[in-house]
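Read the numbers this way: they start at 1 and go in the same order the structure lists the ligands and their atoms. Only heavy atoms go into these numbers, but all of them, side chains included; no hydrogens, no water, no symmetry mates.
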Amino acid sequence: MRTIEWDPKGTVKMIDQRKLPLEFVVVEFDDYRDVARAIRDMYIRGAPAIGAAAAYAMALAAGQSGATTSESLLADLRTAADVLGATRPTAVNLFWALNRMLRAAQGSQAPDVKGMVADLIEEAKQIAEEDIEINRRMGAYGAALVEDGDNILTHCNAGALATVDYGTALAVIRTAHEQAKRIHVWVDETRPRLQGARLTAWELMNEGIPMTLIADNVAGHLMRTGKVDIIFVGSDRTAANGDVANKIGTYKLAVLAKENGIPFYPVVPTSTIDLSVPTGDDIPIEERSAREVTHPGGCQVAPDGVQVLNVAFDVTPHRYVTGIVTENGIAYPPFTRSLRQMVEA
Ligand code: MRU
């Protein structure tokens, strides 16, 4: 199944990613507040998947609303958007999807509230369909950068599970594999939540794409010893100047890549490009609970009461970015111009 789906009986189904790879569990929600909790607690994660979840949650909110006029439905939707918008601050796809759903409600030509609800369900489904189509296009552009025999390094999970299907960085890897290029992928485990070890490894192994899991600290050694040819990662928000916010640890990879002459490409749908933030310094960075660091996988690894800083994302300044793969082509420096062109294309 897809990462997230609308069920015709009016519910949202999603894979509970907290349980992977040990258990494949699908959860079902009929209340938008439960979807908000699922986003915050990372049943579903990854910027485009968070956007799709938010869109479906808005469709649920419309169905749940007892409104009899378009004005009161809009008021209920704004309340839902506030609840959903408070879940995870860095992934801009969340706010992009909420705004798109609010615009769809405002622009609906339906004669009554029932028709508006139907329009909102269609809009959410459309967002999900577009996501897959966009990922396939990014896969095609990005795969042109991959040579036969390449060793590719990736971080976190920018795969099917981070999107509705197919992935962003993993779309490039999937496409290169489908083109019969003989590739091998180094997968960073990605502390503290281990999205690389749990999710990316699971996805690549399911598809038979050759891969090796590494502890995060191994990447520098591999780069210095010539074992990495190219790096593809995702992004949660990319600023107008090409600074890229992504999973904590991405910045360190990009600096080491430049030092070792290795191309570094974030793979970023235009819904993740936020032209309203001039630089990465303006991107809100999420901090999460200490428990994620002290109890990885539920197992305590640090003393009781230890002080912890758990920053979930970092910003890679654009000078370390070789190019940014989008669904409209690959943006190269100067990013201020090229990213705008990609967004407006
Ligand atoms: O905290 P997460 O798991 O939501 O972080 C996900 C990432 O950092 C991904 O790289 C990013 O969302 C891009 S996914 C296509």
Exercise. Is ligand 1 under 4.0 Å from a heavy atom in the side chain of Ala169, in the backbone, in both, or in neither?
Worked result: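 Near ligand 1, Ala169 shows nothing, with every heavy atom at 4.0 Å or more.
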Seminar exercise, completed: Within the 4.0 Å heavy-atom cut-off, what Lys247 brings close to ligand 1 is both
Exercise. What protein heavy atom sits nearest atom 8 (O) of ligand 1, and how far away is it?
Worked result: Asp236 OD1, 2.9 Å
Seminar exercise, completed: atom 12 (O) of ligand 1 sits nearest the protein heavy atom Ala47 N, 2.8 Å
Exercise. With the 4.5 Å side-chain cut-off for hydrophobic clustering, are Val12 and Ile44 part of the same group?
Worked result: yes
Exercise. Can you get from Leu102 to Val117 by hopping between Ile, Leu, Val, Met, Phe, Trp and Tyr side chains that sit under 4.5 Å apart?
Worked result: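 Both belong to a single hydrophobic cluster.
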Would you say [X]'s side chain and [Y]'s backbone share a donor-acceptor pair under 3.5 angstrom?
{"X": "Thr163", "Y": "Pro48", "value": "no"}
{"X": "Thr3", "Y": "Ala160", "value": "yes"}
{"X": "Lys181", "Y": "Val146", "value": "yes"}
{"X": "Thr279", "Y": "Asp281", "value": "yes"}

Check: [X] N/O within less than 3.5 Å of ligand 1 N/O:
{"X": "Thr163", "answer": "no"}
{"X": "Asn246", "answer": "yes"}
{"X": "Ala158", "answer": "no"}
{"X": "Gly46", "answer": "yes"}

Exercise. Using a distance-only test with no angle check, is there a side-chain donor-acceptor pair under 3.5 angstrom linking Arg198 and Asn157?
Worked result: no
Problem set entry | Pick from Arg193, Gln17, Arg88: the one approaching atom 2 (P) of ligand 1 most closely through a non-hydrogen atom |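 Among Arg193, Gln17, Arg88, the closest heavy atom to atom 2 (P) of ligand 1 comes from Arg88.
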Exercise. For Pro48, is the nearest heavy atom under 4.0 Å from an atom of ligand 1?
Worked result: yes
Problem set entry | Residue-ligand contact Cys156/ligand 1, heavy atom below 4.0 Å | yes
Atom indices of ligand 1, in the order listed, that fall short of 4.0 Å to a heavy atom of [X]:
{"X": "Gln195", "value": "1 (O), 2 (P), 3 (O)"}
{"X": "Ala162", "value": "14 (S), 15 (C)"}
{"X": "Thr168", "value": "15 (C)"}

Exercise. Do the ring planes of Tyr251 and Tyr320 sit parallel (below 30°), tilted (30 to 60°) or perpendicular (above 60°)?
Worked result: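 Taking Tyr320 first and then Tyr251, their aromatic rings stand perpendicular (interplane angle over 60°).
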Exercise. Is the shortest distance from a Lys or Arg side-chain nitrogen in Arg191 or Asp216 to a carboxylate oxygen in the other one below 4.0 Å?
Worked result: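 The answer is no: the pair does not qualify as a salt bridge.
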